[in-house]
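Read the numbers this way: they start at 1 and go in the same order the structure lists the ligands and their atoms. Not measured: the values here are computed from a predicted model.
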Amino acid sequence: MAGTVKTQVCIVGSGPSGLLLSQMLANAGIDSVLLDRQDRSYIEGRIRAGVLEQGTVAALEEAGAADRLHREGLPHDGFELAFDGDRHRIDIKALTGKSVMVYGQTEVTKDLFNKREAAGQVFYFNVDNVKPTDLKSSTPSVHFTHEGEQQVIECDYIAGCDGFHGASRQAIPKDVLQTFERVYPFGWLGIMVDKPPVSHELIYANHERGFALASMRSETRSRYYVQCDVNDDLASWSDDRFWEELAIRLGPDAAANLETGASFEKSIAPLRSFVAEPMRYGNMFLAGDAAHIVPPTGAKGLNLAVADVRLLSRALIAHYRNANDHYIDTYSETVLKRVWKVERFSWQLSTMMHQFPENTGFEKRMQRASFDDIQSSETASRAIAENYVGLPLE
Ligand code: APR
Ligand code: PHB
């Protein structure tokens, strides 16, 4: 039935950003309502990357959603960069004292959903025509349709956690919103296969035929990617063609350990760098993919979203608990400083590790020189490692 619901924070989007924010607010006694245009099974069905920074693990621990992560996740102390068959291990543990955790983001989403449902969280799934309204007033609201009825959520604050294609960013006036974008001239073809990973750590490879990545979900399930034309027909990528291409690009040593098999997930994703400024407008805040997108090369999508949510939940909790609006007033400036650093790292690694159609011999030599510099300089390796394990929150 049509109606109006009141809450403290209305969260648009029930992906990792929205779910984690709801959990962190609930732990501080702050009420929220979650809206999503999909339902839980659709949201949990999205295949995403699988490397968690230590800060992300800490946030999930703080949210009480890290038990299965610690049971099933794989701690990694390093990863490899490969260039035309030459391989160099970045020892992130030795260089930074930190590790990363390999654990599917799909699993993070499932764990957060379980926490929120167990707590009786109010969700509205399969919503439509979402319109954040009266953002500059002290009583903003979100209008939407749900089960054919017009609904209104009246709230103190709106959190736009509705991803790149969401409605929240669109609610910021065009003369206020600034966007910055780089679309990469290629895509990633990813597969999942129930075979042991080719190596116990991730391998990012640049080969003259294109980029490749060897990752995993467990010791018996592997996740692989090869650079492809973003307009490729998936039907033109048989498993045999994929395995042949992956083996060439990873190089002979890795290929010798490659266990191939029938893929059970195969998809092509575009790559882009994107940032929207500001990440606050009136009493609406943006977090996660609603405000920024990174190419998956640095595995930063979820980790950047979690960092946004940690800063946003700090701001909202300070408001409700201490009537302190300092972190609310500085949220956009603080979070964007870190967003741009992570965008730079993801862009730099993508630029170094892929074959660009427009690249001349000069750019290809620059890519190889970057690899050689990292291989020979502990300082250069440490710079990569510090970004990979996750920059400080501020
Ligand atoms: N109204 C309501 N919900 C919407 C709307 C809308 N207009 N548009 C999108 N959504 C929902 C989507 O259905 C999705 O469930 O918002 C959610 C956004 O979730 P994500 O796209 O996963 O974005 P985010 O939660 O910020 O996650 C950030 O985590 O999933 C990984 O790597 C992925 O970069 C991503 C990161
Ligand atoms: C993945 O495991 O899906 C993955 C890992 C690292 C990346 C991107 C994707 O940089």
Side-chain angles (χ1 to χ4, degrees), residues 10-22 34-53 56 74 76 79 81 100-109 112-113 123-132 142-146 153 158-171 188 190-192 197 201-204 211-218 221-225 265 267 269 271-272 274 286-309 312 342 345-346 349-350 353 388:
C10 180
I11 302 173
V12 185
S14 189
S17 297
L19 289 164
L20 179 61
L21 179 61
S22 172
L34 273 159
L35 314 181
D36 203 290
R37 67 179 173 191
Q38 307 291 355
D39 62 18
R40 174 170 176 175
S41 59
Y42 183 95
I43 297 164
E44 288 185 344
R46 286 194 294 242
I47 300 273
R48 293 290 176 72
V51 174
L52 306 185
E53 296 172 359
T56 297
L74 303 172
H76 278 207
F79 67 95
L81 294 176
V100 294
M101 184 74 83
V102 172
Y103 185 70
Q105 291 175 9
T106 307
E107 307 316 314
V108 170
T109 305
L112 287 168
F113 258 125
F123 290 96
Y124 287 85
F125 292 123
N126 300 312
V127 303
D128 209 350
N129 307 313
V130 170
K131 288 184 179 55
V142 179
H143 298 239
F144 60 99
T145 52
H146 180 246
I153 306 283
I158 299 168
C161 300
D162 47 351
F164 183 64
H165 301 288
S168 302
R169 189 176 69 247
Q170 312 303 333
W188 277 20
I191 72 154
M192 202 80 86
E201 293 178 330
L202 275 64
I203 304 173
Y204 296 77
F211 169 85
L213 170 59
S215 183
M216 64 204 70
R217 290 293 176 271
S218 70
R221 177 166 290 185
S222 299
R223 177 72 165 157
Y224 294 112
Y225 300 91
E265 199 279 336
S267 56
L271 278 74
R272 80 175 71 239
F274 174 85
L286 301 181
D289 278 15
H292 43 69
I293 296 288
V294 284
T297 322
K300 292 303 172 193
L302 175 66
N303 292 299
L304 197 47
V306 168
D308 293 356
V309 167
L312 181 53
V342 176
F345 169 71
S346 303
L349 201 56
S350 300
M353 297 305 292
Y388 198 81

I'd like to check whether T297 has a polar contact with ligand 2, where a contact means an N/O of the residue lying under 3.5 Å from an N/O of the ligand.
yes

Contact check, side chains of T297 and S346, non-hydrogen atoms, under 4.5 Å:
no

Write out the residue and atom name of the closest protein heavy atom to atom 3 (O) of ligand 2, then the distance separating them to 0.1 Å.
Y225 OH, 2.5 Å

With nothing but distance in play, are any N or O atoms of V127 less than 3.5 Å from an N or O of ligand 1?
no

Would you check whether R46 has a nitrogen or oxygen atom less than 3.5 angstrom from a nitrogen or oxygen atom of ligand 1?
yes

Nearest-neighbour protein heavy atom for atom 6 (C) of ligand 2, which is reported as residue plus atom name and distance:
Y204 OH, 3.4 Å

Is there a donor-acceptor contact under 3.5 Å from the side chain of S215 to the main chain of L202?
no

Regarding atom 27 (O) of ligand 1: of the candidates G50, P16, G13, P296, which has the closest heavy atom?
P16

Partner residues of R221 under the salt bridge (charged side-chain N to carboxylate O under 4.0 Å, His left out) criterion, sequence neighbours left out:
D194

Quick one: look at V130 and ligand 1, take heavy-atom pairs under 4.0 Å, and tell me if it's side chain, backbone, both or neither.
side chain

Interfacing atoms of ligand 2 (cut-off 4.0 Å, heavy-atom, R223):
3 (O)

Using a strict 4.0 Å cut-off to heavy atoms of L202, name the atoms of ligand 2 that fall inside it.
5 (C), 6 (C)

I want to confirm something. Looking only at heavy atoms, which of M192, R217, K300, Q105 is nearest to atom 1 (C) of ligand 2?
R217

Is the side chain of N129 donor-acceptor paired with the backbone N or O of T145 at a distance under 3.5 Å, no angle test?
no

Shortest protein contact, atom 6 (C) of ligand 1 (heavy atom only)
R37 CD, 4.0 Å

Looking only at N/O atoms, are Q105 and ligand 1 under 3.5 Å apart anywhere?
yes

Taking atom types as modelled, is there a side-chain donor on T56 or N303 under 3.5 Å from an acceptor on the other?
yes

So the atoms of ligand 1 within less than 4.0 Å of a heavy atom of I43 turn out to be 15 (O)

Just jot down the ligand 1 atoms closer than 4.0 angstrom to any heavy atom of A305, in number order.
28 (C)

Is it the side chain (CB and beyond), the backbone, both or neither of L213 that lies under 4.0 Å from ligand 2, heavy atoms counted?
side chain

Heavy atoms only, cut-off 4.0 Å: how does D36 contact ligand 1, side chain, backbone, both, or neither?
both

If we only count heavy atoms from C-beta on, is the L35 to C10 side-chain gap below 4.5 Å?
yes

Side-chain heavy atoms of L271 within contact of W188, under 4.5 Å:
yes

Heavy-atom nearest neighbour in the protein, as seen from atom 35 (C) of ligand 1, with distance rounded to 0.1 Å
D289 OD2, 3.2 Å

Does a side-chain heavy-atom distance below 4.5 Å link V130 with Y124?
no

Closest protein heavy atom (residue, atom, distance) for atom 9 (C) of ligand 1:
D162 O, 3.0 Å

Is there a donor-acceptor pair under 3.5 Å between the side chain of D39 and the backbone N or O of Y42?
yes

By number and element, which atoms of ligand 1 are closer than 4.0 Å to a non-hydrogen atom of G288?
26 (O)

Is there side-chain contact between V51 and K300, with at least one heavy-atom pair below 4.5 Å?
no

Tell me: protein heavy atom nearest atom 22 (O) of ligand 1, and distance?
R48 NH1, 3.0 Å

For the pair E265 and R223, find out whether any cationic side-chain nitrogen is under 4.0 Å from an anionic carboxylate oxygen.
yes

For E44, is there any backbone N or O sitting under 3.5 Å from a side-chain donor or acceptor partner on T106?
no

Atoms of ligand 2, numbered as shown, that sit under 4.0 Å from any heavy atom of G50
1 (C), 2 (O), 3 (O), 4 (C)

Closest to atom 26 (O) of ligand 1 by heavy-atom distance, out of C161, S17, A287, is S17

Taking 4.0 Å as the limit for heavy-atom contacts, which would you say applies to A49 with ligand 1: side chain only, backbone only, both, or neither?
neither

Out of P197, P296, G301, G104, who gets a non-hydrogen atom closest to atom 7 (C) of ligand 2?
P296

Is there side-chain contact between H292 and D308, with heavy atoms separated by less than 4.5 Å?
yes

Taking N or O atoms only and a 3.5 Å limit, does A49 qualify as a polar contact for ligand 2?
no

Measure from NZ or CZ of R169 to the centre of the six-membered ring of F164 and say whether it is under 6.0 Å with the direction within 45° of the ring axis.
yes

Any atoms of ligand 1 less than 4.0 Å from a non-hydrogen atom of Q38? List them with their elements.
13 (O)

If we only count heavy atoms from C-beta on, is the I43 to F113 side-chain gap below 4.5 Å?
yes

Per-atom contacts of ligand 1 with G166, taking only distances under 4.0 Å to non-hydrogen atoms:
8 (N)

Find out whether L19 and F123 are in side-chain contact, i.e. whether some heavy atom of one side chain is under 4.5 Å from a heavy atom of the other.
yes

If we number the atoms of ligand 1 from 1 as shown, the ones under 4.0 Å from a heavy atom of A167 are 7 (N)

